[in-house]
Every structure is written in structure tokens, then in C-alpha cells.
Number of protein chains: 2
Amino acid sequence: MPPSPNAHGRTRIRREEVGATRRERKQRTREALIDAALRLLEQESFSSLSLREVAREAGIVPTGFYRHFENMQELGLALVDRSFRSLREMLRDARATADGDQRMIRRSIAVLVADVHEHRTHFRFIARERSGGVASVRQAIRSQIRLLGSELATDLARLPVLASWSTDDLQMLAALLVGVGVSAADALVDVAPGDEETEQEIASAAERQLRLITLGVPAWRSDQGGA
Amino acid sequence: MPPSPNAHGRTRIRREEVGATRRERKQRTREALIDAALRLLEQESFSSLSLREVAREAGIVPTGFYRHFENMQELGLALVDRSFRSLREMLRDARATADGDQRMIRRSIAVLVADVHEHRTHFRFIARERSGGVASVRQAIRSQIRLLGSELATDLARLPVLASWSTDDLQMLAALLVGVGVSAADALVDVAPGDEETEQEIASAAERQLRLITLGVPAWRSDQGGA
DNA sequence: GGTTTCAGTGTACATGTGTACTCCAAGATA
DNA sequence: TATCTTGGAGTACACATGTACACTGAAACC
């Protein structure tokens, strides 16, 4: 624990603070709580994060927390929501604007890398809690990722190469592709902030992995099982 | 928190317990601590696990913990070690005894599924902490998984189809295959204990994913970049 | 058989926790 | 203007936590 608990740039909210309507100020405190949590999550995991800690970092008194969230778990769900909001749209856009599977792959990876870059804290949270401690948070994250997969499967179904594929096989493929993305994001989150080279390597590896997979697609026959 | 903290079958260790040499008894208590931790980790994450909790569950007094581990983090590393010990050998064996890539895939997945089945607690721990809270534990797990990848890459290099591949591409392929395995294990850990059907589905999906990847292999050309 | 070692005990303490309660000042509403 | 509503403050309490310290009795050793 750092010696000075309120040391670095937390968002102090005070009654005296200038601010417009009451709703706006409440909203702002809510944001401050979310941001405070994300900031603290760079150092520790969600399940070991305490209500008091978050409140302190946000600059309000512990009991004030309850005006915004019933408990920490609810804060967790808000964090999941916040973290996934933009990514899903951006990915869908990326697939819509660029068709042709190779271009789609490059675009999607680029979007992912850029988003991880810009919202590192969100992705660190997601990566850490995807299999992590608090059950409801974990489930929320997984359901978001599953959604990502379904959306991808729907788009894939429109590609000529995949026209003859069964829904089951499409889901399998989509899950595989999403898995590669998740692994890449996982790896990116742990790259030192300045290290663009490693970042580039991870992106390139993910791209090549996706490309390898697409190479298998034309040869796929659902029923071929044995050696 | 459950009403009776010492309720279910924890391993009580007492001075009066019959036991042979002093070393053996110390070893047994150490095991009891590890087992206690694994038991508790079914309900909560490692970073929110307390030293007192583990000691209590193992049937010793809090301060007794220090006779075995310097702190919780060291316990965590012991858990990582314990969890990976058997799997790596089993996987290497599986690849050694069955050559021919399709058979290798089937065998490896079978080994993984069986091991997850038998040591569910280990894999739950690994899955949860792989991206989880305590840095040193996370790093230990990742290095084990990376090792898994390197070992696989070495074995892959011996396959005729991959003879011409660069080391870099082999690493990329190995990472992809290991990634599929990790995802599968992730999913398996959350299957309800009795539900063999879902288990079978996950295994089958992973197998198909691996098969699809191998289909891409003959078509791979390292330098082909564009659409 | 006497001495040493040491795994596990028991006590103690300062600190952090979640949450119940009352209070208040400023925004909302009439 | 007077009244109501409500974010947030302040106080309080009953816990749980990590670890320091002195202890004990049996195994290990001479």
C-alpha cells in the first residue's frame, strides 16, 4: 500500500464543487467511482478491491458509495458494460466496411490493437476478470465475448467461401477466431506502455494465426474425422 | 461467509496425530495447506484468499502458516507448480507415443480433457489466476504455458509437413494450438461436474478447431501478406 | 539420558473492512 | 418564498486481517 493514500490524481468531488444540475453531479460522481476503480485495478484484482478503497480514490466517503451502487459487484457489472460498449460496434463496423476475408482480418486486428492501446485500463480489467474471482462479473464478461462470437458468425455466414458451412461449424470457426483475438488482447495488456515493437509483434502473430486459419477453410469438410 | 467456518471436511492436523518422522509430518501439513487452498479456491479467487482462512481450513493456527511459506504469494507459486507438474509430462508422452498429426491432436485433447476431469481444482486455479490478481503467480503460470508452447514447437519441428517452416512460424503455430487448448480448459472448468455431454461438446469443438488449423498448414506460405 | 531443535499453540495489537445510523446543505419543486 | 428531496458527510460498531512474541512438548541428536 502506498504511503499517501490520496496521492495521485484522483477526481475529488466535493459538495462545494461548481456543477450544474443535481443529476449531472450525481452522474459525475458515478463516473468518478468507475474511473477510480479502473485506476485501482491497475494494481490489484477486482475481488480484492474494497468499497472503501474505491470511495477514497473517488474522493467520497465510504457510505456515499451506496448512493450509486448497491455493492461492489454492481460496480463490476458497470465496468464490464463500459469496457465492451465501444469495441463491439467498432468491430462490427470494421467487418461491414471491409469485405473480402483477408482485409476483414487486418481491419479487425487493427481495431482491436488500437482499442487496447487507447483503453488499456478497460482491457486489463476484462483480461483479469474474464476468468477471475467474482462470479457475476465473470459471467457478464463471458456473455459479452460470446456475443462477439455470435455477431462474427452471422457476418461470416454471408461470405461465399462459407456459404455451405453448417451453423455449428460456423460457430466453431467464429469461436476460434475470437479466441485468437482474446489471446492477443491478453498479451497486449501486459506489454510495457511504450513498447510499440512488442505490440507490433503480437499484432503480427495474431494476424498470421488468423491467416493460417483462413487457409484451412476451403479444405474443410465437416465430417472428416479419422486420421 | 458460511455460518460455520470449520464445517466441511477439512484436514485437521494435530500435534497428537500419529505420524512418523518429523519431516514427514511437516510435509503432510504443507500438503494440507495446499489442499485447503485449492478447496477454498473453488469459491473465491486467490487474491482474496487470506492466510488465516487457509490456515483455518487446514486445521492449524494462523501463525503456523509461516513454518511452511513466507507469505501467501509463495503458497501461490507452490500451487502453480503442483498444478502443472503432471500435465506437461502427460502431453509430451501423448505426442511421443502417437505420431501422425491427426492422431497427435486426438491424443493431446484426450489427455487434456482427462486431466481437467481428474484435477479440476488445479485447472480452476490456473484458469482463474492466469490473468488474475497476484503478479508473481500470474507470471509463473504464463511461463509454464509458454513452456508448453516451446515443447510443442520442438516436437512439431520433427513433422515432415513442417520441415520447411521457420522457427518463428513454428512458434506462431504452437502458440495457436496451445491457445485452443487453454480456451478449452477454460471452458471445461466451468462445466457442471456431472455434465459429460457438455464436456464432450467442448472437447469435440476443440478437436475440430485444431483439425481446421492443420488443414491450413500445407497451404501456408510465410511471406504471403496481402489480400 | 540430557540437550537441542522446531512444528504448532495462544495471546495480543494495530489496521482495514462493510454497513447502519443520523445529519446537513443545496438543488428541485410548488 | 417555503417545503421537499437527496447526494454526500460524520460517527459508530462488530467484525477479519497479517504478524510479532513467548510458549510447549515431542522428535532428533549427542
Side-chain angles (χ1 to χ4, degrees), chain A residues 1-6 10-34 36-37 40 43-76 133-134, chain B residues 1-6 10-34 36-37 40 43-76 133-134:
Chain A
M1 215 136 291
S4 156
N6 300 341
R10 72 178 188 191
T11 335
R12 257 237 166 247
I13 296 280
R14 285 250 156 270
R15 266 191 274 137
E16 312 93 28
E17 181 194 356
V18 296
T21 136
R22 192 135 83 177
R23 244 228 282 287
E24 283 172 341
R25 295 202 359 204
K26 176 164 189 182
Q27 182 60 26
R28 219 179 303 158
T29 308
R30 192 188 142 100
E31 297 287 314
L33 282 167
I34 291 180
L40 291 167
Q43 315 283 354
E44 56 181 319
S45 75
F46 184 77
S47 50
S48 69
L49 197 62
S50 76
L51 182 154
R52 284 179 110 105
E53 228 175 328
V54 176
R56 202 183 308 133
E57 176 80 14
I60 65 171
V61 100
T63 49
F65 182 94
Y66 295 109
R67 301 281 183 204
H68 304 272
F69 304 100
E70 192 128 324
N71 45 45
M72 283 295 291
Q73 163 185 318
E74 221 179 70
L75 206 213
V134 177
Chain B
M1 211 135 294
S4 156
N6 300 342
R10 74 178 183 191
T11 334
R12 255 234 168 250
I13 297 279
R14 284 249 155 270
R15 266 193 274 135
E16 313 93 27
E17 183 194 355
V18 295
T21 135
R22 191 136 83 178
R23 245 230 280 291
E24 282 173 342
R25 293 199 3 201
K26 178 165 188 183
Q27 182 59 26
R28 218 180 302 159
T29 307
R30 192 189 142 100
E31 296 289 312
L33 282 166
I34 292 181
L40 290 166
Q43 316 285 353
E44 57 181 318
S45 74
F46 185 77
S47 51
S48 70
L49 197 62
S50 75
L51 181 156
R52 283 180 111 104
E53 230 175 327
V54 176
R56 201 184 308 131
E57 176 80 12
I60 65 172
V61 100
T63 48
F65 182 94
Y66 295 109
R67 301 283 181 203
H68 303 272
F69 304 100
E70 194 130 319
N71 47 44
M72 283 295 291
Q73 165 185 315
E74 221 180 70
L75 207 211
V134 177

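Within every chain, numbering begins at 1; the chains are lettered A, B, ... in the order of the sequence lines, protein sequences first and strands thereafter. Nothing here was measured: the structure is a model prediction, and the numbers come from that model. Reckoned from all heavy atoms, side chains included, excluding hydrogens, waters and symmetry mates.
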Residue closer to the 5' end of DNA chain D, A/P62 versus B/L51 (nearest nucleotide):
A/P62
Report the distance from atom CD of B/E74 to atom P of D/dT19, rounded to the nearest whole Å.
12 Å
Provide, to the nearest angstrom, the distance between the CD atom belonging to A/E24 and the P atom belonging to C/dG27.
12 Å
Atom NE2 of B/H68 and atom P of C/dA7 are separated, to the nearest Å, by 7 Å
Quiz question: going by heavy-atom distance under 3.5 Å, is there a donor-acceptor pair between the base of D/dG18 and the side chain of B/R52?
yes
Under-4.0 Å side-chain N/O to phosphate OP1/OP2 contact, B/S50 with D/dT17
yes
On DNA chain D, compare the nucleotides closest to A/R22 and B/R22; which residue's is nearer the 5' end?
A/R22
side-chain contact (heavy atoms from CB on, under 4.5 Å) assessment of B/K26 paired with B/H68:
CA-CA 8 Å; B/K26 178 165 188 183; B/H68 303 272; 3.6 Å; yes
Between CD of A/E31 and P of D/dG7 the distance, given in whole Å, is 16 Å
Length of the CG-P vector between B/N71 and D/dA20, whole Å:
12 Å
Would one find a side-chain N or O of B/R56 under 4.0 angstrom from OP1 or OP2 of D/dT17?
yes
Taking all non-hydrogen atoms of both residues into account, name the closest pair between A/E53 and A/S48 and its distance.
OE1-O, 4.0 Å
From C-beta outward on B/T21, which listed nucleotide comes closest to its side chain: C/dA7, D/dA28, C/dG27?
D/dA28
Whole-Å distance between C/dT17 P and A/L40 CG?
11 Å
Any residue meeting side-chain contact (heavy atoms from CB on, under 4.5 Å) with A/Q43, in chain and number order, not counting sequence neighbours:
none
Is there a donor on the side chain of A/R23 or the base of D/dT6 sitting less than 3.5 Å from an acceptor on the other?
no
Nucleotide C/dG18, atom P - distance to CD1 of A/I60 in whole Å:
13 Å
Is any side-chain N or O of B/T63 closer than 4.0 Å to OP1 or OP2 of D/dA20?
no
Please tell me if the side chains of A/L51 and A/F69 come closer than 4.5 Å, counting only heavy atoms from C-beta onward.
no
Base C/dG8 to side chain B/R67, donor-acceptor N/O within 3.5 Å cut-off
yes
Using a heavy-atom cut-off of under 4.0 Å over every strand shown, decide if A/G64 touches base, sugar-phosphate, or nothing.
nothing
Using side-chain heavy atoms (C-beta onward) and a distance below 4.5 Å, is B/F46 in contact with B/M72?
yes
